[in-house]
Amino acid sequence: MNDNKKSLDTNSSAENVEQHLQELEKADYERLYYSQEQTFSADELANTINERRLNELMAQSDEFLSGLNSEIEDFDE
């Protein structure tokens with residue numbers, strides 16, 4: 001009889017853990033879903049974007065593409 005009660009307690013614990021994990025997963029999903037629904041004003045976006053870093057990245061990509069283009073032209077010759 002003692003083993004049967006222990007088995008029931010174990011199942012109950014496992015069920016509680018499973019239920020808790022499902023609730024956490026649902027909360028994470030809802031947080032992600034609702035965060036995608038938010039709209040941002042132009043001012044909020046301007047405050048979020050690091051314009052200096054963005055300009056640096058764009059300059060690096062321009063340099064990379066220019067170098068790649070010259071390599072491709074040299075390859076044809």
Side-chain angles (χ1 to χ4, degrees):
M1 178 121 185
N2 226 358
D3 289 339
N4 192 19
K5 180 169 175 38
K6 186 176 182 182
S7 176
L8 289 174
D9 289 344
T10 302
N11 288 341
S12 177
S13 295
E15 288 172 2
N16 288 339
V17 168
E18 181 68 26
Q19 181 180 359
H20 179 69
L21 291 175
Q22 287 175 356
E23 289 171 5
L24 288 176
E25 186 177 300
K26 181 180 175 188
D28 286 345
Y29 175 79
E30 288 175 351
R31 189 177 316 116
L32 175 63
Y33 177 80
Y34 289 116
S35 71
Q36 293 173 352
E37 293 295 314
Q38 293 177 357
T39 57
F40 296 97
S41 70
D43 290 339
E44 288 173 320
L45 287 176
N47 289 334
T48 302
I49 295 172
N50 182 337
E51 192 172 345
R52 183 185 58 79
R53 181 67 179 134
L54 179 61
N55 288 332
E56 289 174 6
L57 291 172
M58 288 172 55
Q60 288 176 0
S61 67
D62 287 345
E63 289 173 24
F64 172 77
L65 291 175
S66 177
L68 185 61
N69 193 31
S70 68
E71 291 292 327
I72 290 172
E73 288 173 1
D74 291 345
F75 182 77
D76 287 342
E77 295 172 1

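- Distance alone, capped at 3.5 Å, is enough to place a donor-acceptor pair between the Thr48 side chain and the Glu44 backbone.
- Atom-to-atom distance recorded for Leu68:CG and Ser61:OG is 12.0 Å, nearest 0.5 angstrom.
- In this model, no donor atom of one side chain and acceptor atom of the other lie less than 3.5 Å apart for Glu15 and Gln19.
- Counted within 6.0 Å of CD on Gln60, heavy atoms from surrounding residues, nucleotides or ligands total more than 12; the atom is thus considered enclosed.
- Here Glu51 contributes atom CD and Asn55 contributes atom CG; the two are 5.5 Å apart, rounded to the nearest 0.5 Å.
- Within the 3.5 Å criterion, the main-chain N or O of Leu65 finds no donor-acceptor partner in the side chain of Asn69.
- Using a 4.0 Å cut-off between charged nitrogen and carboxylate oxygen, Lys26 and Glu23 do not count as a salt-bridge pair.
- The hydrophobic cluster containing Leu21 does not contain Tyr29, counting ILVMFWY residues as joined when their side-chain heavy atoms lie under 4.5 angstrom apart, directly or transitively.
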